[in-house]
Engineer: 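Quick one: the structure is below, questions incoming.
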Amino acid sequence: MTARAIIIGAPRSGSGKTSVTIGILRALTRRGLKVRGAKSGPDYIDPGFHTAATGLSGVNLDSWAMPPSLLNALAAQAADDTDFVILESAMGLFDGIPASPGRTGSAADLARLYGLPVLLVLDVSGQSTTAAAVAKGFATYDPDVRMAGVVLNRLGSERHRRLSGDAIEAIGLPVVGAILRDPTLNLPERHLGLVQAGEYDDPMAHLDRLADMAEKSLDLDAIMALATPFTPAPGGFAEALAPPGQRIALAEDAAFTFLYPHVAAYWRKAGAEIVPFSPLADEAPDEDCDVCWLPGGYPELHAGRLAAAETFKAGMARFAAKKPIHGECGGFMVLGEALEDAASETHAMLGLLGHSTSFAKRKMNLGYREARLRADCPLGLAGALIRGHEFHYAQMTATGNDEPLADLADGQGNPIGASGCRRGHVSGTFFHAIARG
């Protein structure tokens, strides 16, 4: 059978769409259905919850960073051998950047491209019938993006549900869910988003609580009936990030978690072997590997342990003497001389690059990025164009004397300047790579 899909959208972040998405995913999985979660735009954390809830790997579908062929290939892969795909919007449904049609990075791009209906999650706290005006705005804003139903979230009472729901149904939109305010359903957050699924002592207990909420408060049969066939056009993986080596030593623990599922999946699909190691457990990369990759994550929360990990530090120095190492964002911070944590304590890092960073002096850096590589590195060959994004609060407090890795532009092509560092076999940048441009 052809997979069916629906998009979970909202007016803004914080409306509750992640809890609704996870609740639906887990509830349908408990019914014995094969369900997969997808996330529009750049997000490392929510796909981890999608995977935990369903047992099937989550995926990002990013209309700005991914060329159309790669986007279609990943969408088709998500729909393969699956009953339902639940696609969660990043931020507000229409939020993206000014770009050519269909390439803004918004979930609305995906709704138009694949003809998928939207289930609108409305946080109606502090309002009642006004929710109908918001819903009508969504229903009429873009005729190519169809609102199929509404979930009312954070209701205060049955009367609140009746006032809001009746007004919305009067404009022709079915209300297929009504969730009372319940702080226990909230997912804990930190500076880069939700606390990750793998950090819970008992993640399934919370996922099942969300599924119980979905069974009680949502009309799951009606939601499944709203979903439509998901049949992406043919695509290919020519613009996927190529494996940086045949055997890839990958840092993987609570400090290093931000590797996009589609990146690792394609490396394996292309025949590469990923060999994980844990810096927090004081492990070094396997010296038989061809390349070492330090992904982003939360090294600022574990800086003391990383500074004391002598086996890790010595193994990285040996590896760097002969073979390539690349660090993204958190990994880039660890490659530098020092990292200042939130308590203003400075910890010695690997010293394989000359910069230092601080999480005590915080400033948010957020946005799509396009990088033109100045030299060969694990991201690609000199001159290659790579699309991705930045999202970090840490700042460089010392730049060092290393060569820049790439010339960076924002999502609209406006030059930002030289970015990242390279020295010998070692390279790194705050920029997270998603796909080839």
Engineer: Within the 4.5 Å heavy-atom criterion, are I7 and L93 side-chain neighbours or not?
Structural biologist: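 The answer is yes, as the side chains (C-beta and beyond) meet within the 4.5 Å cut-off.
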Engineer: Give the intermediate values and the outcome of side chain to side chain donor-acceptor pair (under 3.5 Å) for residues H262 and N60.
Structural biologist: CA-CA 7 Å; H262 74 274; N60 296 81; 4.9 Å; no
Engineer: Hydrogens and angles aside, do E88 and T18 bring a side-chain donor and acceptor to less than 3.5 Å of each other?
Structural biologist: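 Their side chains do contain a donor-acceptor pair, which is all the 3.5 Å distance test asks for.
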Engineer: For the residue pair F359 and D341, establish whether any side-chain heavy-atom pair is separated by less than 4.5 Å.
Structural biologist: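 The answer is no, as the side chains (C-beta and beyond) never meet within the 4.5 Å cut-off.
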Engineer: Answer yes or no: is there an ion pair linking E403 with R374, defined by an N-O contact shorter than 4.0 Å?
Structural biologist: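 Between R374 and E403 there is no salt bridge, as every charged N stays at least 4.0 Å from the carboxylate O atoms.
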Engineer: Taking the side chain as everything from C-beta on, heavy atoms only, tell me whether F256 gets closer than 4.5 Å to P279.
Structural biologist: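 Yes. Closest side-chain heavy atoms under 4.5 Å.
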Engineer: Look at the side chain of S15 and the backbone N and O of K17, then say whether any donor-acceptor pair between them is shorter than 3.5 Å.
Structural biologist: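 No: the side chain of S15 does not pair with the backbone of K17.
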Engineer: Using a 3.5 Å distance criterion without hydrogens, assess whether the side chain of S69 forms a donor-acceptor pair with backbone atoms of G235.
Structural biologist: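 No, the answer is negative, given that no donor and acceptor are paired below the 3.5 Å cut-off.
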Engineer: Checking side chain to side chain contact (heavy atoms under 4.5 Å, CB included) for the pair F237/L70: CA distance, chi angles, key distance, verdict?
Structural biologist: CA-CA 5 Å; F237 290 90; L70 177 60; 3.7 Å; yes
Engineer: So which heavy atom on L379 is nearest to which on A433, and how close?
Structural biologist: CD2-CB, 3.6 Å
Engineer: Stepwise, does the side chain to side chain contact (heavy atoms under 4.5 Å, CB included) test hold for T399 with H355?
Structural biologist: CA-CA 4 Å; T399 57; H355 63 285; 5.6 Å; no
Engineer: Using atom types as modelled and distance alone, determine if a side-chain donor or acceptor of T29 lies under 3.5 Å from a backbone N or O of A27.
Structural biologist: no
Engineer: Please examine the side chains of T21 and L25, heavy atoms only from C-beta on, and report whether any two atoms are closer than 4.5 Å.
Structural biologist: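 Answer yes - side chains close enough.
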Engineer: Test side chain to side chain contact (heavy atoms under 4.5 Å, CB included) on H326 and V291; report intermediate values, then the result.
Structural biologist: CA-CA 8 Å; H326 183 73; V291 62; 5.8 Å; no
Engineer: Counting neighbours of NZ on K323 that are heavy atoms of other residues, nucleotides or ligands and sit closer than 6.0 Å, is the number greater than 12?
Structural biologist: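 More than 12 heavy atoms, drawn from other residues, nucleotides or ligands, come within 6.0 Å of this atom.
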Engineer: Which residues pass the salt bridge (Lys or Arg N to Asp or Glu O under 4.0 Å) test with E345, not counting sequence neighbours?
Structural biologist: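 Partners of E345 under the salt bridge (Lys or Arg N to Asp or Glu O under 4.0 Å) test: none.
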Engineer: Taking NZ, NE, NH1 and NH2 as the nitrogens, is one of them in R112 or D144 under 4.0 Å from a carboxylate oxygen of the other?
Structural biologist: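 Salt bridge absent between R112 and D144.
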Engineer: Can you classify the ring geometry of Y141 versus F94 as parallel (below 30°), tilted (30 to 60°) or perpendicular (above 60°)?
Structural biologist: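 Taking F94 first and then Y141, their aromatic rings stand perpendicular (interplane angle over 60°).
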Engineer: Counting C-beta onward and ignoring hydrogens, is there a side-chain heavy-atom pair between W267 and L259 closer than 4.5 Å?
Structural biologist: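 Yes. Closest side-chain heavy atoms under 4.5 Å.
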Engineer: Taking atom CG of N401 as the centre, report whether more than 12 heavy atoms of other residues, nucleotides or ligands fall under 6.0 Å from it.
Structural biologist: no
Engineer: I need the minimum non-hydrogen distance between P378 and S427, along with the two atoms involved.
Structural biologist: CD-OG, 3.7 Å
Engineer: Does some side-chain heavy atom of L294 sit less than 4.5 Å from a side-chain heavy atom of C292?
Structural biologist: yes
Engineer: Kindly write out the residues that satisfy salt bridge (Lys or Arg N to Asp or Glu O under 4.0 Å) with E390, not counting sequence neighbours, or none if the list is empty.
Structural biologist: R369
Engineer: I'd like to know if the side chain of R387 and the backbone of E370 have a donor-acceptor N/O pair within less than 3.5 Å.
Structural biologist: no
Engineer: So which heavy atom on L122 is nearest to which on P11, and how close?
Structural biologist: CD2-CG, 3.6 Å
Engineer: L110 and side chain to side chain contact (heavy atoms under 4.5 Å, CB included): which single residue from L116, L87, V118 fits?
Structural biologist: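 Between L110 and the candidates, side chain to side chain contact (heavy atoms under 4.5 Å, CB included) is satisfied uniquely by L87.
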